[in-house]
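Worksheet for the structure shown next.
Note that ligands are numbered from 1 as they come in the structure, with each ligand's atoms numbered from 1 the same way. Note that these values count all heavy atoms, side chains included, but never hydrogens, waters or copies made by symmetry.
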Amino acid sequence: MTTSHAVEANTESDAPPASPSHGSGGLIIRQREPRNLEFPFDRLDSYLTPVESFYVRSHFHAPELQRDSYRLSVEGAVKNPLSITYEELRRLPAKTVVATLECAGNGRIFLIPQRSGAQWELGAVGNAEWTGVPLATLLNRASPGGNAREVVLEGADRGAAPEQPGPPGQISYSRSLSLDKALDDVLIAYAMNGVDLPQDHGFPVRAIVPGHYGMASVKWLTRIRVLDEQFQGYWQTTDYGYWDEVDGIPVRRPLSDIKLKSAIARPRTLEVIPGGQLYNVYGAAWTGAADVVAVEVTTDGGRTWAAAKFVDPIRPNAWRRWSYDWKTPERPGRLTLMSRATDAAGASQPDTFDERYHSYVIHHTLPIEVVVR
Ligand SMILES: Nc1nc2c(c(=O)[nH]1)N[C@H]1C(S)=C(S)[C@@H](COP(=O)(O)O)O[C@H]1N2
Ligand SMILES: [Mo]
């Protein structure tokens, strides 16, 4: 598996003629239209990912919504359906949270045999500060009925379902959450790192679902529907689902929580490293559940592991960068590095991929092969 290919595609001349939020961020183009852009993870150097370097994962052409005509409706199994304007939303009490978004397909390029879908390396992940109104504020105003159990978030983007069997005609991008999660910490965000959301990240308004894979954080959010039953939409059954098992019978469930993961930003795959020196191995670790409390690094393919030091403090649902000073061997050769995170509940990253997820939730320890010279 080589990574040089994808990186080479990201030359200046290849940069998309897109909005100015691209190009300068050096994002790797995985697909031009709809736009799917990856953060070059080897350039990780800040706690908050700059807006122009934040990965973009879009299933349909980005809709062009206008601030003035924008409406967000809250409807379905509620006592007081509402429809609010952008200005009304901006006037409600706001909250700012740091949260890591990771695409559920991040790391797919590491799977053998190859799986279909965007061939993300390590950089379909980013950490940003999101500002907006708690979804709970809107739901409490709308007042869900006594039997309400789920909340569907719907985006304004539409297109044909990419996989068959799928619904005919055009579908929107929609995902549901349990009412409990919706009332807990979900944000209806309009700003990212202190600036208005750029179009590719959901202008004017998107959901941020801390601790869930990126697919839950619906962009271009225009409709919130409260349901008395379980939602079975395309984007949580055919796509972004996995096969769980109940009493020996496989059942389809929506993907949700981000699983414990760490990733090595430096060195890159096949980086040439001088022997007999100190090399700073550097990366990040995150999870949607208990806090990340340890990261270990192996430089000999998993025989021995050493503790890395954290660069960032613990913050729920946000990554922690870490670093490890490696004394590289004098003798030239190829070596395999891996990192492994442990959480406060004592769980560590697995060393193999869980096949129930087919092409998602790639959170096992990933080998980074380097050349010492
Ligand atoms: N409306 C809408 N929301 C969406 C998507 C989409 O295609 N349409 N993609 C989802 C997926 S799969 C991910 S990983 C995140 C990516 O958010 P970003 O592009 O701001 O990084 O948005 C989610 N929200
Ligand atoms: Mo995603």
Side-chain angles (χ1 to χ4, degrees), residues 18-19 21-22 25 27-31 33-39 41 48-65 72 99-108 117-120 123-130 132 152-163 170-177 186-193 195-224 233-236 238-242 254-259 286 288 357 359-362:
S19 61
S21 63
H22 298 118
L27 289 163
I28 303 160
I29 301 161
R30 294 286 174 221
Q31 192 182 345
E33 195 52 53
R35 262 198 288 284
N36 284 286
L37 311 172
E38 178 167 349
F39 169 59
F41 198 68
L48 296 182
T49 310
V51 171
E52 65 276 11
S53 307
F54 205 97
Y55 82 97
V56 173
R57 201 318 173 220
S58 296
H59 292 276
F60 301 129
H61 184 71
E64 281 166 33
L65 302 180
L72 175 59
T100 294
L101 281 197
E102 182 188 16
C103 182
N106 191 29
R108 184 174 291 136
Q119 295 299 303
W120 305 110
V125 61
N127 189 55
E129 195 177 72
W130 310 95
V152 181
L153 307 175
E154 183 178 43
D157 49 334
R158 302 183 76 81
E163 283 172 54
Q170 296 225 318
I171 61 168
S172 62
Y173 186 87
S174 327
R175 287 272 310 183
S176 79
L177 294 168
V186 177
L187 207 61
I188 304 303
Y190 44 74
M192 174 181 187
N193 294 349
V195 300
D196 289 355
L197 285 178
Q199 193 198 7
D200 279 339
H201 296 294
F203 178 85
V205 172
R206 76 174 304 167
I208 290 295
V209 182
H212 284 204
Y213 280 111
M215 81 268 131
S217 293
V218 175
K219 304 191 279 191
W220 310 293
L221 180 69
T222 49
R223 187 157 73 139
I224 297 170
Y234 175 87
W235 301 104
Q236 57 197 64
T238 304
D239 204 352
Y240 294 117
Y242 73 103
L255 292 178
S256 58
D257 300 1
I258 299 189
K259 301 279 194 258
W286 59 90
Y357 295 113
S359 68
Y360 290 119
V361 192
I362 300 116

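Among Glu38, Arg35, Arg57, the single residue meeting the side chain to side chain contact (heavy atoms under 4.5 Å, CB included) criterion with Arg30 is Glu38.
Between Glu154 and Ser172, the side chains place a donor N or O and an acceptor N or O closer than 3.5 Å (distance only, hydrogens not considered). A donor atom on one side chain and an acceptor atom on the other are found under 3.5 Å apart for Asn127 and Thr100.
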Tabulating one pair per line, provide the atom names and distances (0.1 Å) for every N/O atom of ligand 1 that is less than 3.5 Å from a protein N/O atom.
| from | atom 1 | to | atom 2 | distance (Å) |
| --- | --- | --- | --- | --- |
| ligand 1 | 1 (N) | Asp157 | OD1 | 2.8 |
| ligand 1 | 1 (N) | Asp157 | OD2 | 3.2 |
| ligand 1 | 1 (N) | Lys219 | O | 2.9 |
| ligand 1 | 3 (N) | Lys219 | N | 2.8 |
| ligand 1 | 7 (O) | His59 | N | 2.8 |
| ligand 1 | 8 (N) | Asp157 | OD2 | 2.7 |
| ligand 1 | 9 (N) | Arg57 | O | 3.1 |
| ligand 1 | 17 (O) | Arg206 | NH2 | 3.2 |
| ligand 1 | 19 (O) | Arg57 | N | 3.0 |
| ligand 1 | 19 (O) | Lys219 | NZ | 2.6 |
| ligand 1 | 20 (O) | His201 | ND1 | 2.7 |
| ligand 1 | 20 (O) | Arg206 | NH1 | 2.7 |
| ligand 1 | 21 (O) | Tyr55 | O | 2.6 |
| ligand 1 | 24 (N) | Ser217 | O | 3.0 |

In residues 208-217, what donor-acceptor pairs under 3.5 Å come from side-chain atoms, sequence neighbours left out?
| from | atom 1 | to | atom 2 | distance (Å) |
| --- | --- | --- | --- | --- |
| Tyr213 | OH | Lys259 | N | 3.1 |
| Ser217 | OG | Val209 | N | 3.0 |

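Qualifying salt bridge (charged side-chain N to carboxylate O under 4.0 Å, His left out) partners for Asp196, counting only residues two or more places apart in sequence or in other chains: Arg67, Arg90. Every residue two or more places apart in sequence or in another chain was checked for a ring-ring contact (aromatic ring centres under 6.0 Å, His included) with Phe203, and none qualifies.
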